[in-house]
2 protein chains.
Amino acid sequence: MARLAIPHTTVSRLPLYLRCLDQLPVDQETVSSGEIAAALSINAAKVRKDFWYLECEGRRGVGYDIRSLVSQIGAALGLNVPLTIVIVGMGNLGMALAHYQGFASRGMILAGLYDTDARKIGETVGELVVRHPDCLAEDVRSEGVSIGVIATPAPAAQGVVDLLVKLGVTSILNFAPVVLDVPAGTTLRRVDVATELLILGYHQSNQDGGA
Amino acid sequence: MARLAIPHTTVSRLPLYLRCLDQLPVDQETVSSGEIAAALSINAAKVRKDFWYLECEGRRGVGYDIRSLVSQIGAALGLNVPLTIVIVGMGNLGMALAHYQGFASRGMILAGLYDTDARKIGETVGELVVRHPDCLAEDVRSEGVSIGVIATPAPAAQGVVDLLVKLGVTSILNFAPVVLDVPAGTTLRRVDVATELLILGYHQSNQDGGA
DNA sequence: GGGTGTGAAGCTATTCACAGCA
DNA sequence: TGCTGTGAATAGCTTCACACCC
């Protein structure tokens, strides 16, 4: 009865629940912890406890109302205020990210694309024009930026981080395969293909079905 | 004194250690748990215990021999046998992955690129030619495939998984923004941009410096 | 002094198990 | 009967603390 803070592990599962709820048949109105658990291959009690932290109310014998769930998970994640995102580095990866259609569906706003390569500057992706990172300062000031995404080659990444930090961006998602240094108060997450492949390789060579 | 199995959490940090060791000055021969911990913003005792599971031997007062560490971490990850990887889906993301230079450095072999789009089939990336997924069956049989990477649009992903599973591929890395279903015995990991952004957004809206 | 090796303690997260309600 | 809500038990990970060695 003291659901003060939401545990990190629960937070990390919330986006997954949203994903899962999206994939349910449109005419389905309620869902049980067991159904969600089966879809995600996790334990049903974990699902219920996660929802308990969010103060979601289910009906015994029935399940949870899907619409309420989506809205409460969204609220817990802070999606009432839209996230403003900029992407630095417009190689194939940056392009892939810029084309990703999933931003808008969760109320995220893609606000800027940057690259130092003169051949890329001026290209348009959707409604955005690729510009030089020098424009970041101005854009952060005028538009506000919640999250900076780093899709540059490895050697350029730390410089971009330093710039973003200097401009006051406190949340950074790094796709470059390097260990980056950020000051306290900045949240850095990384998406790392090589890491994932090596972990898969480990399970492979140990023939376990582990995650 | 009973280091039977390596904990999952330790395994997930091993690639990070490799990354970190790569970034040390080339003339440095030993490294302390404290240095690594500082670079990765984790606790030094954790680093030592991770190495302990791998039966790495450090020298008191000095640290760990970097070359030995790299080789023992690699061995623990099973890198003595190279990983053979195929990528299905040659949009921007698939292209970005295919161009990634980090495969070879860890002894991974990129063995095949597939797409159903006739306009993409026949394109070359490095030494590989993009082909139709129908070629997968033959390739898996002749070359062996350790890991299948899914870089298709969301609606196509489950079909690709089913195909890979049918062909006997037991490790899959999914980039498509969907929850996928795999049979027991298959290891599925996912890389999910939307998830990462939402988690960052949570921390942002709660102004904590959490990871 | 510096840094490892490692039991033990402390935490956190997962899972069980079952009462309670529709 | 089906499924939630939730304390209690369990399991697993992290961190401390300190003996020990260079």
Side-chain angles (χ1 to χ4, degrees), chain A residues 1-14 16-17 20-21 24 28-69 72-73 76 199 202-203 208-211, chain B residues 1-14 16-17 20-21 24 28-69 72-73 76 199 202 208 210-211:
Chain A
M1 258 299 194
R3 52 195 115 174
L4 298 146
I6 302 176
H8 275 143
T9 46
T10 294
V11 172
S12 71
R13 278 189 295 267
L14 297 183
L16 206 52
Y17 292 139
C20 184
L21 294 173
L24 292 172
Q28 190 174 337
E29 293 193 350
T30 63
V31 65
S32 70
S33 59
E35 284 178 81
I36 295 176
L40 301 178
S41 304
I42 60 179
N43 182 292
K46 180 149 67 182
V47 175
R48 291 199 297 278
K49 194 146 279 187
D50 281 345
F51 291 170
W52 176 78
Y53 287 115
L54 309 189
E55 312 194 38
C56 296
E57 301 200 348
R59 294 224 320 251
R60 296 170 199 231
V62 180
Y64 299 86
D65 179 66
I66 296 176
R67 295 177 65 88
S68 311
L69 264 189
Q72 287 181 277
I73 294 173
I199 295 173
Y202 171 84
H203 291 302
D208 56 16
Chain B
M1 260 297 195
R3 50 195 115 173
L4 298 146
I6 302 177
H8 276 140
T9 45
T10 294
V11 172
S12 71
R13 278 188 296 266
L14 296 183
L16 207 51
Y17 292 139
C20 184
L21 294 173
L24 291 172
Q28 190 174 337
E29 294 191 352
T30 62
V31 65
S32 69
S33 59
E35 284 177 83
I36 295 176
L40 301 178
S41 305
I42 62 178
N43 182 292
K46 181 150 66 182
V47 175
R48 290 201 297 278
K49 194 145 279 190
D50 282 344
F51 291 170
W52 176 78
Y53 286 113
L54 309 189
E55 312 195 37
C56 295
E57 299 200 347
R59 296 226 318 254
R60 297 171 198 231
V62 180
Y64 299 86
D65 179 66
I66 296 176
R67 294 176 66 88
S68 311
L69 265 189
Q72 287 182 276
I73 294 173
I199 295 173
Y202 171 84
D208 56 16

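Residue numbering restarts at 1 for every chain, and letters A, B, ... go by the order of the sequence lines.
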task = Classify every nucleotide of nucleotides 16-22 of chain D by which part a protein heavy atom approaches to under 4.0 Å, writing B for the base, S for the sugar-phosphate alone and - for neither, in 5'-to-3' order.
result = BB-BBBS
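Note: CG (Asp65(A)) to P (dA22(C)) measures 16 Å, nearest angstrom. Glu57(A) places its CD atom 18 Å from the P atom of dG20(C), with the value rounded to the nearest Å.
Side-chain nitrogen and oxygen atoms of Ser33(A) include at least one within less than 4.0 Å of the OP1 or OP2 phosphate oxygen of dT4(D). At the phosphate of dG5(C), OP1 or OP2 sits under 4.0 Å from a side-chain N or O atom of Tyr64(B). Checking the phosphate oxygens (OP1, OP2) of dG5(D), no side-chain nitrogen or oxygen of Trp52(A) falls inside 4.0 Å.
Among residues two or more places apart in sequence or in another chain, the side chain to side chain donor-acceptor pair (under 3.5 Å) test is passed with Ser68(B) by Asp65(B).
The shortest non-hydrogen separation linking Leu14(B) to Ala76(B) is CD1-CB, 4.2 Å. Contact detail for Val62(A) and Ser32(A): the closest heavy-atom pair is O-CB, 4.5 Å.
No engagement by Thr10(A) is indicated, since no non-hydrogen atom pair under 4.0 Å with the nucleic acid exists.
Atom CD of Glu57(B) sits in a sparse spot, with 12 or fewer heavy atoms from other residues, nucleotides or ligands closer than 6.0 Å. Annotation: Glu29(A), atom CD; neighbour count of heavy atoms from other residues, nucleotides and ligands within 6.0 Å does not exceed 12.
Closest contact between the side chain of Thr9(B) and the listed nucleotides dC13(D), dG5(D), dT14(C) involves dC13(D). When the nucleotides dT4(D), dG5(D), dC13(D) are ranked by their closest atom to the side chain of His8(B), dC13(D) comes out on top.
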